[in-house]
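The structure appears below as C-alpha cells.
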Amino acid sequence: MPELPEVETIVRALRDGGRGGAPVLGCTFSGAEMRWARTLAEPSPAAFAARLTGQRIEAVDRRAKFLWLHLTHDALLIHLRMSGDLRVDAAAAPPEPHDRALLLLDNGLRIAFNDTRKFGRLWLTAEPQRVLAHLGPEPLNDDFTPAALHQRLTARRRQLKPLLLDQSVIAGLGNIYTDEALHRAGLHPLRSSQSLSMDEAAALWAGIRAVLQEGIDRNGASIDWVYRGGDFQNSFRVHLRAGQPCLACGAPVERAVIGQRSSYFCPHCQPQE
DNA sequence: ACGAGCGCCTGTCGGC
DNA sequence: TGCCGACAGGCGCTCG
C-alpha cells in the first residue's frame, strides 16, 4: 500500500498525533505480542519482546517507505508493503482482525501493526543502515537535484516506469505516485531512461516533487479498505482512470501492464516517441 | 544489465 | 447463488 506520502503521514501522526491516535514519541515499550510470527524479520520472535521492553521512543522518522523509530539502543524499522498500517489504541482494546503485532507502551497505549496480506515486516536492530543500505536518494531532500536525477536515469537503459519503482535508484516512489509524476512530466512510462534529455529529467524531477508534496499535504491516498484518512485519490490525474478523459487534454487515459504493474497514462500528453 | 515470471497473502470485484 | 479469474499502493528471488 503505502508509498512515501502515506508513510510520512503515519510518521507525523506517531510524532504529533493524528489519524485518530495519540502521539507515541517519548513513550517506553513495556511488551510485545506477535500474532503472525513471519511479520518479524529480526530478531527471533522469542527474543523480540524482551529486547524491545524498556526501550524509549526517542524519535520517529522515515527513510523511503520505512518507518524508523529511534529507540534507546536499537532501531525499530517497519515496512508496510502492500496492506500494512499502524494504529495507536488503548492497550486493553480488543485486537482488530489482521493485527499482526501488538507493541505495548508503558502509558496504557499500544501500537498495533495491522496487515491483511502479511507482506509487511518489522526489524529491531542496532544496525538500521544494514537494512536500508540499498536505498537510493530521498526525492524530497536538497541533494536530490534535476542533474542528479538525470545522471541516475541515463546511467542505465531501462523502461522509465520500472526504473522509478526501483528503490535503489530513487527511494519512496510506488505505483500511484510514479504514474502521476510521469503524467505531469509528459513522459511515457516505456521511454528508455537513457534517452532523457536534461530538460525532460528536470520536468520529471518537478513532477516527482509536486506529486509527493501534494500527497503529503493531503495526508496520502485512501483506496478501497486500505489506509485511512487521506484524500489524494481525489487528485489522481491518470491513476485508475482508464477510459476517462485526461484532465489536461481530454484524450482517454490508457492502461497497460508494465513490469507486471498496472500503469495509467495519457497517450497524447505522454507520447512514446 | 535487463525484463519476465513467480512467490508471498488475503480480500474484493466482475463475469458467467 | 456460487465459482473462478483478475486484480490490489511491494519487493525479493530465479531464470533467460
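Any value given below was found using the heavy atoms of this structure, including those in side chains, with hydrogens, waters and symmetry copies removed. The sequence lines fix the lettering, A, B, ..., with proteins before strands; numbering per chain opens at 1.
Asp179(A) has its CG atom 11 Å from the C1' atom of dG9(C), to the nearest Å. Across the protein-nucleic acid pair, Arg117(A) atom CZ and dG9(C) atom P stand 9 Å apart, rounded to whole Å. The separation between Ile78(A) atom CD1 and dG10(C) atom C1' is 16 Å, rounded to whole Å. Residue Asp85(A) contributes atom CG, which lies 15 Å from atom C1' of dG10(C) at whole-angstrom precision. Put simply, CZ on Arg156(A) is 10 Å from C1' on dC2(B), counting in whole angstrom units. The interatomic distance linking Gln194(A) (CD) with dC2(B) (C1') rounds to 12 Å, in whole Å. Rounded to whole Å, atom C1' of dT12(B) lies 13 Å from atom CE of Met82(A). If you take NE2 of His79(A) and C1' of dG12(C), they are 11 Å apart, rounded to a whole angstrom.
With hydrogens and angles disregarded, a donor-acceptor distance shorter than 3.5 Å links the side chain of Glu180(A) to the backbone of Val238(A). Under the 3.5 Å distance criterion, the side-chain polar atoms of Asn175(A) are matched with a main-chain donor or acceptor of Ser262(A). Under a 3.5 Å cut-off, the side chain of Glu6(A) and the backbone N or O of Glu3(A) do form a donor-acceptor pair.
Taking atom P in both dG5(C) and dC6(B), the straight-line distance is 15 Å, to the nearest Å. Atom P of dC7(C) sits at a distance of 16 Å from the matching atom of dA4(B), rounded to the whole Å. With both ends at atom P, the span from dC3(C) to dC8(B) equals 25 Å, rounded to whole Å. Taking atom C1' in both dA1(B) and dG10(C), one finds a spacing of 22 Å when rounded to whole Å. Rounded to the nearest Å, the gap between the P atom of dT10(B) and that of dT1(C) is 25 Å.
Taking a cutoff of 4.0 Å between a charged side-chain nitrogen and a carboxylate oxygen, Asp85(A) and Arg19(A) qualify as a salt bridge.
As a member of the Ile/Leu/Val/Met/Phe/Trp/Tyr network built from side-chain separations under 4.5 Å, Phe66(A) groups with Trp68(A), Leu77(A), Trp123(A), Val131(A), Leu132(A), Leu135(A).
For the pair Ser262(A) and dA8(C), the criterion of a side-chain N or O lying under 4.0 Å from OP1 or OP2 is met. Regarding contacts with the backbone of dT10(B), a side-chain N or O of Lys118(A) is found under 4.0 angstrom from either OP1 or OP2. OP1 and OP2 of dA8(C) both lie 4.0 Å or more from every side-chain N or O belonging to Arg81(A). Here Arg158(A) reaches the OP1 or OP2 of dG3(B): one of its side-chain N or O atoms lies under 4.0 Å away. At the phosphate of dG9(C), neither OP1 nor OP2 sits under 4.0 Å from any side-chain N or O atom of Lys65(A).
With centres under 5.5 Å and a plane angle under 30°, the ring of Phe119(A) is stacked against the base of dC8(B).
Residue pairs meeting the ring-ring contact (aromatic ring centres under 6.0 Å, His included) criterion with at least one partner in residues 236-273 of chain A, sequence neighbours excluded, are His188(A)-Phe265(A), Phe232(A)-Phe236(A), Phe236(A)-His239(A), His239(A)-Tyr264(A).
A donor-acceptor contact closer than 3.5 angstrom links the side chains of Asn114(A) and Asp99(A). Residues Ser235(A) and Arg218(A) have side chains that bring a donor and an acceptor to within less than 3.5 angstrom of each other. Side-chain contact, Arg157(A) with Ser193(A): no donor N or O sits under 3.5 Å from an acceptor N or O. A donor atom on one side chain and an acceptor atom on the other are not found under 3.5 Å apart for Lys161(A) and Thr178(A).
The base of dA1(B) is not paired with the side chain of Arg157(A) by any donor and acceptor separated by under 3.5 Å.
For Asp166(A), the side chain to side chain donor-acceptor pair (under 3.5 Å) partners at least two apart in sequence or on another chain are Arg158(A), Ser168(A).
Listed by residue number, the members of residues 160-176 of chain A with any heavy atom below 4.0 angstrom from DNA chain C are Gln167(A), Gly174(A), Asn175(A), Ile176(A).
Closest approach of Glu138(A) to Leu4(A), counting heavy atoms only: OE1-CD1, 3.9 Å. Between Pro23(A) and Leu109(A), the shortest heavy-atom contact is O-CD1, 4.3 Å.
Here Arg255(A) lies in heavy-atom contact (under 4.0 Å) with sugar-phosphate atoms only.
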Wobble G-U and Watson-Crick pairs count when both distances are under 3.5 Å; given that, what is the 5' to 3' dot-bracket string of DNA chain B, with | for pairing to other strands? .|||||||.|||||||
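Comparing dG3(B), dC7(C), dG10(C) against the side chain of Gln159(A) picks out dG3(B) as the nearest.
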Can you pull every protein N or O that's under 3.5 Å from an N or O on nucleotides 13-16 of chain C?
none

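When each of His98(A) and Gln260(A) is assigned the nucleotide of DNA chain B with its nearest heavy atom, Gln260(A) is the one assigned upstream, toward the 5' end.
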